Each structure stands twice: as structure tokens, then as C-alpha cells.
2 protein chains.
Amino acid sequence: MTTRWLSPDEQRAWRAYIAASVLLEDTIDRQLQQEAGMPHVYYSILANLSEVPERRLRMTELAEGLKITRPRLTYAVARLEKDGLVRRESCQWDKRGSVAVLTDEGMAVLEQAAPGHVETVRAALFDRLTPEQVGQLEEIFTSVTEGLQGEGGGSEEVPWRRRSSPSCS
Amino acid sequence: MTTRWLSPDEQRAWRAYIAASVLLEDTIDRQLQQEAGMPHVYYSILANLSEVPERRLRMTELAEGLKITRPRLTYAVARLEKDGLVRRESCQWDKRGSVAVLTDEGMAVLEQAAPGHVETVRAALFDRLTPEQVGQLEEIFTSVTEGLQGEGGGSEEVPWRRRSSPSCS
DNA sequence: TAGGTTTGCTTCAAACTTGAACCAAGCCCC
DNA sequence: GGGGCTTGGTTCAAGTTTGAAGCAAACCTA
């Protein structure tokens, strides 16, 4: 099959997206590194834990929520644990499993870092968008996520299913 | 000043964007790693070089175009040079400078990898968007790039200027 | 034209990410 | 209830990214 190249419109959109997303991630990473001493993903780990009952989540659930690989999460949580922001417990119901728990100190760090983070996101993104554009942004990327969810990466045919496992109290 | 938190709409948009952009980058990285043996940024380096007269660019111009740091580019070009896809020449007009040149082999690798890459981008993104959404995407992220261009990261006041240096033939 | 500053790029150490093993605990099914 | 497969998670080596130095060539400017 002959390649369906991008149209000029699509090219421009793609380039704009790539440039902006790189700049945006860099900006956020730098800001959080400065004010909280950690990169964006690490902050997101704390944030995710903070929003969940008991502030505890199975490693795999956390990884799935953040769309990152398990080894990456293992490494990150190890660092956060060393810093005292997260504690690790083993899951009682499933001896294989382990659970990450946000500590009080982790919660404190998160709360202290949150305003600066939100301000950065606002300044870089939302302050520049109209309300309609906010809606457009959500629609576009929700659609992209749906398309990518669970597809291996190419021509796989793995039927995808979601487990709703409890966080193992 | 009290924090201006994100509204529910903004929250949803932000989460959708983060999730999708992570998934998208991962998908592209994996595809290119498989089919071209290199991550997305490396591919972009080749692509940028291919679009420019003489297929040569000063390191800094290249880094600016890709929105990546100089050390990162140095490392990447070193690898690409080792693979024979890029050659490095020193700039005659400015003895400090060095120039990256896309080799014929690099061009060949690029051309061979391009269709698969475009197909991935299409499948993940453009095939799911209406023409209006393509326009919206461009507008939103062009605006974000403009906002972020040249700002250090926070409260700096550095007036930004662009040099239009020739690529040092 | 000497001295100090800037610019262009690289080097370095430390942190992070990746994919491929690896391992132990559950699951299945006879 | 003992193989064999799957699942949950970690470990490992190799590769990449980062920010801080470092270094040499240009650029002032007196």
C-alpha cells in the first residue's frame, strides 16, 4: 500500500503539537525539579496516591493509571520511599503484590508543591486557551487515548480487558 | 495570592492530554525503535536535516528546532555518527562550531522508516480527528509554543531574540 | 591589542528509562 | 496435589537525559 503522507494541514498540526508538548513537559519538569526536587512523573505518583481512598494503590494499578511501565514505577517508588514520601507494604490478599502508600510527609510535600505546579500549567496552557479550546483539547486527546489504550503498538490483536481489583487494604 | 486551581473542565482536559501524550510518545518510540532502531528524537534529527539545503545544520540550530538541550543533541549525534547516519564537520566560518550532515545512508534509513512512522502517527492521531479538530490542534499548540518560546522557565525577564545564522556551508 | 565576557559545543557524573530476564505466588486442570 | 501457565513485581545491563562544569574560539571595549 502506498503511504498516506500527512497533508499540509496535518503537518502543521503535528509539528505544532510536537514542539509544544516537548516544551511543556520540559517546563513542568524544571519547575517541579526546582520547587519539589522531583520530575513530573514522580509528582504524578504522589498526586495519584493522594486521590485514592487510604492513599494506597497496587503497583500495577498505579502504573496503569500513569501509563508508565512497571520497572519505571518500581524505580521511582524506590526513590520516593528513600525520601520518605511513600511507604511500601506487601499485599495481604496476594502475596506477590505490593502496595504503595503515600506518607504524611509525602502528602505534605505534595500540598506544598501543588500550587506552583498548577500555576505553571495554567500559565503555559490554560491561560492561553478559550473555554471552547479547553473542550476541544479534552475531546481530541480523550479520543487518542481510547485509540491507544491496550493496543500493543502495532498489528496485535490482543483483546483488552480491565480488571477492577481493589487496592488491597 | 491564592491558588487558581483547575476547573473540572480543565482538569479533565489536562488529564486527557497527559495520558494521551504519554501513550502517543510511547507508541511512536516503540514503533521507531522496532523499525528503525532509534527513538523518536533521533528520527526527528534525521528528518530535520533532510529538509534543509545541503542537509547540514549547526548543532545549536538543530537543538533549537527540536527544542532539546545541547548536551542531549551532542549525545544523540554521536550515536548517529557511530551508526554512519550523520557526519560531523567543523564549521569553517566559526571555529567553535560544528555542523551535522545527513549522510546518504542516513537519508536511506530515514526514507525507509518514514512510511511506518507516518502510518503510526496517522493511526494514533489523525485518523481519529475531523478536519476541524486538526485545525484546533494546530491552533492550541501553536499558541502554547508561542507562550513558552524563550521563557526560561519561570519569572525571568530575558528578552528573546532569534539569530538567523546560515548553516555554515 | 590585552583582558574580560559571551557563545558554541562537549564532557562528566548522577539520575532516569528501557526491555529483557528473573522469581515467587496464584491459577488451572487433570 | 503436582505440573504448567499466568500474573505481579523486581532486578539487571545498556542506553539515554540532565545540569553543571569545562574549554576554546569569538566578541567587545577600553
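A, B, ... follow the sequence lines: proteins, then strands. Residue 1 opens every chain. Please read these numbers as outputs of a predicted model, since none were measured by experiment.
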**Complete:** Given protein heavy atoms under 4.0 Å, the one-letter contact record of nucleotides 15-25 of chain C, with B base, S sugar-phosphate only and - none, is simply SBBBBB---BB

**Message:** Would you call the rings of B:Phe141 and A:Phe141 parallel, tilted or perpendicular, taking 30° and 60° as the class edges?
**Reply:** perpendicular

**Item:** Aromatic plane relationship, B:Trp14 with A:Phe126 - under 30° parallel, 30 to 60° tilted, over 60° perpendicular
**Value:** perpendicular

How many whole angstroms separate atom [atom1] of [X] from atom [atom2] of [N]?
| X | N | atom1 | atom2 | answer |
| --- | --- | --- | --- | --- |
| B:Trp93 | C:dT7 | CH2 | C1' | 18 Å |
| B:Leu62 | C:dC9 | CG | P | 10 Å |
| B:Met59 | D:dA25 | CE | P | 18 Å |
| B:Leu73 | C:dT11 | CG | P | 13 Å |
| B:Leu66 | D:dT17 | CG | P | 12 Å |
| B:Leu32 | D:dT16 | CG | P | 13 Å |
| A:His40 | D:dT17 | NE2 | P | 19 Å |

**Asked** Salt bridge or not for A:Glu89 and A:Arg87, using N-O below 4.0 Å?
**Response** yes

**Message:** Is a donor from one side chain sitting under 3.5 angstrom from an acceptor on the other, for A:Gln34 and A:Arg30?
**Reply:** no

**Message:** Is a donor from one side chain sitting under 3.5 angstrom from an acceptor on the other, for A:Ser98 and A:Arg88?
**Reply:** no

**Message:** Would you say that B:Glu64 contacts B:Met59 through its side chain, given a criterion of any heavy-atom pair below 4.5 Å between the two side chains?
**Reply:** no

**Request:** Using a 4.0 Å heavy-atom cut-off across all strands, classify A:Ser98 as base, sugar-phosphate, or nothing.
**Result:** sugar-phosphate

**Request:** Would you mind reading off the bend of the helix from C:dT1-D:dA30 to C:dC30-D:dG1 from its two end axes, five pairs each, to 10 degrees?
**Result:** 20°

**Asked** Can you tell me if the side-chain N/O atoms of A:Arg70 get under 4.0 Å from OP1 or OP2 in D:dT7?
**Response** no

**Asked** Between A:Arg122 and B:Trp5, is there a donor-acceptor pair closer than 3.5 Å when you use the side chain of the first and the backbone of the second?
**Response** yes

**Request:** Look at the side chain of A:Gln133 and the backbone N and O of A:Thr130, then say whether any donor-acceptor pair between them is shorter than 3.5 Å.
**Result:** yes

**Message:** Tell me every residue that passes side-chain contact (heavy atoms from CB on, under 4.5 Å) with A:Glu35, counting only those two or more places apart in sequence or in another chain.
**Reply:** A:Gln31

